[in-house]
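I have placed the structure first, in the form of structure tokens, so that the comments after it can refer back to it.
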There are 4 protein chains.
Amino acid sequence: MQARTRMSSSPTTETAAPARRKRADALQNLDALLEAAKAVFAEAGVDAPVRTIAERAGVGVGTVYRHFPLRSDLISAVFRREMDACVDAADELEAAYPPGEALDRWVLRYTEFVAAKQGLAAALHSGDAAYEPLAEYFSTRLAPTLARLLAAARAAGAVEQEVDPTEFLGAVANLCHGTGPSTRGREHAERMVRLLLAGLRAS
Amino acid sequence: MQARTRMSSSPTTETAAPARRKRADALQNLDALLEAAKAVFAEAGVDAPVRTIAERAGVGVGTVYRHFPLRSDLISAVFRREMDACVDAADELEAAYPPGEALDRWVLRYTEFVAAKQGLAAALHSGDAAYEPLAEYFSTRLAPTLARLLAAARAAGAVEQEVDPTEFLGAVANLCHGTGPSTRGREHAERMVRLLLAGLRAS
Amino acid sequence: MQARTRMSSSPTTETAAPARRKRADALQNLDALLEAAKAVFAEAGVDAPVRTIAERAGVGVGTVYRHFPLRSDLISAVFRREMDACVDAADELEAAYPPGEALDRWVLRYTEFVAAKQGLAAALHSGDAAYEPLAEYFSTRLAPTLARLLAAARAAGAVEQEVDPTEFLGAVANLCHGTGPSTRGREHAERMVRLLLAGLRAS
Amino acid sequence: MQARTRMSSSPTTETAAPARRKRADALQNLDALLEAAKAVFAEAGVDAPVRTIAERAGVGVGTVYRHFPLRSDLISAVFRREMDACVDAADELEAAYPPGEALDRWVLRYTEFVAAKQGLAAALHSGDAAYEPLAEYFSTRLAPTLARLLAAARAAGAVEQEVDPTEFLGAVANLCHGTGPSTRGREHAERMVRLLLAGLRAS
DNA sequence: CATGAATGAGAGTTCATTCAT
DNA sequence: TATGAATGAACTCTCATTCAT
């Protein structure tokens with residue numbers, strides 16, 4: 001019943017094949033869904049009612065279930081995008097800064113990401129088998145990145161302590177827990193993360 | 001909520017025994033309730049169904065609501081007791097160890113407590129205004145204790161960094177998040193907490 | 001929200017213990033529930049929405065689930081009562097008529113019962129494991145009754161064919177399928193059942 | 001339901017081939033649909049999700065709705081074909097056997113057909129007005145066939161009882177209810193149908 | 001004071017049906 | 001004409017919370 005945006009591009013200017021149109025709509029919906037989910041997760045956590053997300057995206061609940069049969073599918077999809085961005089940031093930081101500083105900056109960058117995703121850590125630790133894929137993504141994408149940065153920093157003498165990358169990432173995620181989207185919360189998390197980083201340096 | 005006619009005669013005119021009995025019963029119930037809640041919270045988190053707790057305690061749900069109108073009241077009551085024990089431990093540690101070590105040992109003691117209380121941190125950060133009293137208890141009992149230990153350690157040159165006690169306590173609580181009652185989880189949390197402590201030492 | 005009948009018997013005339021009152025209410029509700037379910041099942045089949053039954057009984061859905069966690073529990077309860085009555089009728093018929101006629105009359109009595117319970121046969125054959133208890137009740141209560149009547153009739157030379165009682169009962173139930181509560185439907189079922197009975201007699 | 005502009009040029013101006021192709025495709029689809037529906041009905045009953053049928057046939061749901069706007073349309077179409085085969089069988093049986101035996105054999109043949117169509121009887125008796133056409137087909141095709149066989153058998157002295165053909169057919173269909181595709185179920189149904197046939201013979 | 005039956009809002013999930021492409 | 005994405009009504013079931021006894 002919701003009025004879909006009928007962009008109504010004039011027929012003459014339309015160049016894409018008709019078959020594409022359908023896909024375009026679907027993709028648009030999917031995007032709206034991911035955006036909505038991201039927003040709702042940030043506000044109400046990953047346990048927010050499916051209906052809320054559907055409404056926010058302007059679609060029916062059925063559509064959500066069509067694209068993401070499991071809640072975890074949606075969660076994964078939402079977070080994966082940003083995790084990728086986070087992973088990519090490592091390259092730039094490594095190129096621009098010495099190992100120790102690159103490590104710090106990347107961890108802080110990661111902190112920022114996690115802090116903005118209320119409920120991420122909770123989902124990760126929920127024990128719910130549904131979030132396995134998400135956890136796996138952590139291990140296969142983020143952890144290796146941190147491992148690389150750690151190794152470089154240690155080689156440069158900027159880090160003394162041994163630490164398991166996945167464990168460390170989990171700890172940082174946990175430190176962001178409950179720190180709303182407020183600046184105060186952010187700062188709080190950041191301070192604690194810096195303490196953790198300082199700990200790495202200690203002999 | 002309307003006060004029903006109190007059919008029972010005034011306490012003064014009653015023989016001591018029945019009155020005692022009643023009070024004793026009530027206290028017993030309350031204790032059973034707290035024990036049950038503690039156990040259930042540990043197993044299923046602080047969001048466990050009220051009925052589960054009531055059944056575990058062998059009382060009706062109504063009784064739970066009578067004693068603890070808000071869920072947070074029950075949670076607070078449950079945790080308060082153990083917090084007190086934790087606070088008390090500080091004295092002994094201060095007497096037995098040098099400031100720096102006393103600090104470490106106490107924080108680890110606190111870590112143990114929090115790790116055993118699945119959901120404590122979550123509740124604390126839930127944003128639900130209902131948990132305010134619990135947070136307050138944190139500030140008024142635990143935080144001053146930590147502040148004292150920190151001050152002593154700093155005076156002894158065992159700590160360099162400045163840190164807000166409440167913030168630090170929250171961070172430690174967060175680090176325990178999702179670390180089930182398993183030994184592995186415990187160790188994981190402990191390792192991260194030690195890192196945090198090491199961070200305090202760094203110049 | 002539904003206004004419960006507040007019979008409000010004057011306090012002075014009330015003799016039953018207060019504790020009984022609660023039970024009385026509960027039982028009344030349970031009875032209303034069974035009556036409502038019976039009616040709804042007859043009108044809309046055993047797959048009727050739970051809410052419909054709850055509304056008809058004037059209770060909340062939760063109450064239905066409290067008393068009958070599984071849909072099949074409710075169905076069983078509803079039908080059991082009438083099955084018992086049906087079983088009891090056998091004694092009277094046996095006493096009042098010669099074996100062959102007693103058999104006929106009882107089967108017709110049973111036909112009447114089943115015809116009035118739209119959905120009984122369907123549930124029985126749904127394959128849904130949930131209806132097992134109901135099927136079992138068939139085997140343990142009705143089948144033995146029919147077996148007895150058949151044996152007597154055969155001994156008296158009024159029946160020639162061998163037939164498995166449970167199978168026969170199922171067949172009769174099936175014959176009532178789709179015969180609404182109309183007289184026409186009833187008669188239709190009855191005619192076919194008589195044919196079946198006639199078949200028993202054939203050499 | 002509004003008629004869309006028929007973009008395709010008129011059939012007459014098109015070359016024969018493409019037109020044929022289209023028709024051929026459509027017919028093929030229709031056939032696949034009927035086959036799929038038959039299979040699905042047999043496995044999951046006539047209430048099976050439309051999508052299941054569409055997938056089985058390798059077409060979109062829209063196609064199902066195009067050919068069979070009402071579910072009953074599909075059901076009717078599916079069963080009609082087999083009913084016709086059943087009707088045709090009567091001729092052969094009449095030619096090959098004496099009236100009494102022809103009757104028995106045909107009824108058993110019909111039993112086989114119905115037993116294989118789980119849900120046919122249910123649909124027939126569902127009360128849903130949508131199945132009227134199917135019921136009508138029963139009356140106009142099968143019932144006359146049975147009537148003919150019955151008349152011949154009666155004329156030959158092989159049947160004593162009067163019985164309405166449609167009613168009898170319905171009864172047989174009902175007896176097949178809930179008898180899965182298993183051999184046991186089949187035999188059960190057959191036994192009961194034989195009893196019914198024996199009843200016809202009784203004086 | 002305790003009890004636990006009753007209530008009913010709300011969440012998840014499925015599917016018939018429509019309709020833009 | 002076929003497709004399948006989207007819709008949303010309808011259903012089941014769970015629990016927090018109230019309140020008569």
Side-chain angles (χ1 to χ4, degrees), chain A residues 1-2 4 6 16-27 29-30 47-52 54 58-67 69-71, chain B residues 1-2 4 6-8 22-23 25-26 29 47-52 54-55 58-67 69-71, chain C residues 1-2 4 6 16-27 29-30 47-52 54 58-67 69-71, chain D residues 1-2 4 6-8 22-23 25-26 29 47-52 54-55 58-67 69-71:
Chain A
M1 279 303 150
Q2 76 14 81
R4 223 85 58 66
R6 186 97 52 118
R20 297 264 153 199
R21 273 303 288 276
K22 171 89 63 78
R23 185 124 91 225
D25 264 28
L27 283 180
N29 257 338
L30 211 154
D47 285 331
V50 172
R51 227 181 232 87
T52 307
V59 304
V61 283
T63 304
V64 180
Y65 280 97
R66 160 176 291 272
H67 289 302
L70 269 40
R71 172 185 291 268
Chain B
M1 279 300 151
Q2 43 73 23
R4 229 82 59 67
R6 191 89 53 113
M7 304 259 261
S8 61
K22 269 217 173 125
R23 185 123 89 227
D25 270 22
N29 259 343
D47 285 330
V50 172
R51 178 148 317 149
T52 307
E55 267 160 18
V59 304
V61 284
T63 304
V64 181
Y65 279 93
R66 164 172 300 275
H67 287 302
L70 269 39
R71 172 183 291 266
Chain C
M1 278 304 148
Q2 107 311 117
R4 224 84 59 64
R6 186 97 52 116
R20 296 263 154 200
R21 272 306 287 277
K22 172 88 63 76
R23 185 123 94 225
D25 265 28
L27 284 180
N29 257 340
L30 210 154
D47 285 331
V50 172
R51 197 168 268 107
T52 308
V59 303
V61 283
T63 304
V64 180
Y65 280 97
R66 158 176 290 272
H67 288 301
L70 271 39
R71 172 185 290 270
Chain D
M1 278 305 151
Q2 52 59 34
R4 230 84 59 67
R6 191 90 53 113
M7 305 259 261
S8 63
K22 271 224 173 117
R23 184 123 88 228
D25 270 22
N29 260 342
D47 285 331
V50 172
R51 176 148 317 146
T52 307
E55 268 160 19
V59 303
V61 284
T63 305
V64 180
Y65 278 95
R66 163 171 301 274
H67 289 301
L70 271 36
R71 171 183 291 267

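Each chain gets a letter, A, B and so on, in the order its sequence line appears, and its residues count up from 1.
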Which string of ( ) [ ] | and . matches DNA chain E, if you list each base 5' to 3' and count Watson-Crick or G-U pairs only when both distances are under 3.5 Å? .||||||||||||||||||||

Strictly below 4.0 Å: does [X] bring a side-chain N or O up to OP1 or OP2 of [N]?
X	N	result
C:T63	E:dA5	no
C:N29	E:dA5	no
B:H67	E:dC1	no

Any residue meeting side chain to side chain contact (heavy atoms under 4.5 Å, CB included) with C:R71, in chain and number order, not counting sequence neighbours: C:V50, C:I75, C:Y131

Do nucleotides 10-17 of chain E as a string where each nucleotide becomes B, S or -: B if the base has a protein heavy atom under 4.0 Å, S if just the sugar-phosphate does, - if no protein is that close. BSBBB-SB

What is the distance from CZ of C:R66 to C1' of E:dA5, rounded to the nearest Å? 5 Å

Figure out the CD/C1' separation between B:E55 and E:dT3, and round it to whole Å. 13 Å

Closest-nucleotide 5' rank along DNA chain E - winner of B:V64 and C:L30: B:V64

Give the minimum heavy-atom separation between A:V64 and A:A54, together with the two atoms involved. CG2-CB, 3.8 Å

